[in-house]
Amino acid sequence: MGSLKDEQNQQHYTYQEAKCVWVHGPIIVGAGPSGLATSACLTNQGVPYVILEKTGCLASLWQNRTYDRLKLHLPKQFCQFPLLGFPRNFPKYPTKDQFISYMESYASHFGILPRFKQSVQTAEFDDGLGFWRVKTQDREYISRWLIVATGENAEPVVPEVPGIDKFKGTVVHTSLYRSGAEFKNQRVLVIGCGNSGMEVSLDLCRHNAIPHLVVRNTVHVLPREMFGFSTFGIAMALLKWFPLRLVDKFLLLVANFTLGKTERIGIRRPKTGPIELKNVTGKTPVLDVGALSHIKSGKIKVMEGVKEITRSGAKFMDGQEKEFDSIILATGYKSNVPIWLKGSEFFTKDGMPKTPFPNGWKAEKGLYTVGFTGRGLLGTASDAVKIAGDIGEQWRTIKNCNNISCNSHVILLKETWFTHLCK
Ligand SMILES: Cc1cc2nc3c(=O)[nH]c(=O)nc-3n(C[C@H](O)[C@H](O)[C@H](O)COP(=O)(O)OP(=O)(O)OC[C@H]3O[C@@H](n4cnc5c(N)ncnc54)[C@H](O)[C@@H]3O)c2cc1C
Ligand SMILES: NC(=O)C1=CN([C@@H]2O[C@H](COP(=O)(O)OP(=O)(O)OC[C@H]3O[C@@H](n4cnc5c(N)ncnc54)[C@H](OP(=O)(O)O)[C@@H]3O)[C@@H](O)[C@H]2O)C=CC1
Ligand SMILES: O=C(O)C(=O)Cc1c[nH]c2ccccc12
């Protein structure tokens with residue numbers, strides 16, 4: 001492990017000068033949980049790699065684009081990475097800071113040293129060469145394998161709400177929301193009722209703001225726990241034995257019993273059950289961590305869809321008009337793969353694999369995807385193990401065939417060999 005790390009460090013300075021870099025193993029794009037988990041699994045298989053990260057830190061979503069009081073909403077056993085679990089003393093639902101510190105220790109344990117500030121602009125398979133050509137703002141990386149680990153939540157979704165440009169107060173997406181402290185005593189319109197919209201509304205309440213939550217559609221809200229066990233864990237366990245629709249019926253029965261019928265507080269349930277809906281459309285149920293009781297007490301006001309935003313507030317579909325100081329867009333995220341990955345048929349126009357879980361991890365021509373399963377960190381762990389196993393096998397075959405010396409991570413291309421590639 002140590003020697004691998006030292007070697008990467010030594011290489012770092014030389015290769016910074018080169019315009020064109022041959023990577024002796026896969027190129028991983030993104031140093032979030034998916035990139036880190038895959039790196040560790042590759043190291044475990046004895047495969048070197050290079051990991052390119054556009055920001056200056058690992059797990060930038062968690063470090064820079066999440067709010068202060070965020071906790072994992074699935075219990076820790078469903079969120080840990082392969083080969084090295086959470087420390088024993090972590091609580092059942094680790095805080096954001098604990099999760100970040102876990103990822104930092106994980107990276108250091110496996111000697112993971114991402115190339116920071118390397119934003120991948122294009123990646124394309126060169127049929128003539130038989131390699132992937134990955135361009136960042138500084139240089140080009142070339143490899144047999146490309147692993148896409150840029151995440152389902154790469155960019156915020158900012159919808160065009162009529163009139164929003166006229167609004168005189170602050171408009172902020174949840175990716176830039178840190179704490180309700182900045183909204184004390186304000187009337188805040190929260191647009192979007194996924195987990196972010198619900199949790200931000202709760203946080204606003206705790207800071208004496210007055211949130212109005214826009215619920216334009218149907219949504220499943222489930223308690224985070226049932227009978228002292230996580231709802232997610234119960235669902236996973238039941239699905240081993242019972243058909244999906246029966247499990248959904250059970251979850252709804254318990255949810256209605258413990259939370260009451262959410263229709264009564266303006267939150268209509270979809271006709272399809274929560275797990276079936278997640279599988280079919282990818283829409284994650286909201287796991288309630290306290291917002292619902294504030295909706296019941298009237299501290300969080302549920303509003304119908306927005307018709308238009310005015311200079312000082314909003315008009316709603318049901319004819320109501322209200323004044324607001326700020327607007328928070330809790331309207332979700334999207335993949336950025338279509339922006340930079342060229343010439344691959346593997347992804348939809350929304351940047352998600354066309355092949356559904358559990359088979360979406362492997363594409364064609366040495367292309368892999370990790371963390372695009374719609375199943376959070378559990379999906380990431382499953383992809384990472386499979387990808388590393390698959391590449392590990394190819395790696396050993398190539399090594400045996402060509403008798404390549406494998407003691408270096410990155411082989412610098414001699415400019416004379418590949419000058420034409422680097423133009
Ligand atoms: C608020 C919030 C809470 C969540 N909570 C949970 C939870 O409790 N449990 C759970 O299982 N999941 C949760 N998720 C889902 C979340 O997607 C995963 O936890 C996890 O972050 C996914 O990891 P990832 O590495 O696939 O993507 P990301 O964490 O998004 O990491 C992708 C990395 O790629 C980098 N990148 C992007 N584009 C480029 C490029 N062109 N070039 C180079 N680098 C690039 C980014 O900077 C980033 O560092 C949550 C998501 C959000 C938004
Ligand atoms: N504690 C935790 O672990 C947390 C986890 N997360 C996870 O992060 C991921 C992202 O969650 P989140 O940010 O909530 O995004 P989601 O995509 O889950 O939710 C976005 C919401 O915005 C609504 N919306 C979108 N556009 C508009 C519009 N123009 N007008 C009104 N409503 C609109 C959608 O409604 P519609 O259905 O009508 O399109 C939907 O309710 C999820 O996987 C989630 O589980 C998020 C927060 C906390
Ligand atoms: O937190 C997320 O975004 C997740 O995707 C975790 C998750 C995967 N499957 C689920 C089913 C119900 C609730 C959360 C999840």
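Count residues from 1 along the sequence. Numbering of ligands and ligand atoms starts at 1, following listing order.
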Note: heavy atom closest to atom 12 (P) of ligand 2, options Cys193, Ser196, Gly305, belongs to Ser196
Judged by heavy atoms only, the candidate from Pro162, Gly376, Ala330, Pro270 nearest atom 20 (C) of ligand 2 is Ala330
Do any nitrogen or oxygen atoms of Tyr333 come within less than 3.5 Å of a nitrogen or oxygen of ligand 1? no
(Q) If I apply the N/O under 3.5 Å rule, does Arg65 come out as touching ligand 1? (A) no
The option among Asn153, Thr174, Leu74 carrying the non-hydrogen atom nearest to atom 16 (C) of ligand 1 is Asn153
Practice task
Return yes when Gln121 approaches ligand 1 closer than 4.0 angstrom through a heavy atom, no otherwise.
Solution key: no
Quiz prompt | Centroid-centroid distance, His73 to Phe78, less than 6.0 Å | solution = no
Any heavy atom of Arg375 under 4.0 Å from ligand 1? The part involved is neither
Across all chains, not counting sequence neighbours, the side chain to side chain donor-acceptor pair (under 3.5 Å) partners of Gln320 are Asp318
Honestly, for Ser60 the part within reach of ligand 1 (heavy atoms, under 4.0 Å) is both
Exercise for the section: Return a yes/no value for Glu152: is any of its N or O atoms, backbone included, closer than 3.5 angstrom to an N or O of ligand 1? Expected result: no
A student comparing Ser175, Gly374, Gly192 should find that the heavy atom closest to atom 23 (C) of ligand 2 comes from Gly192
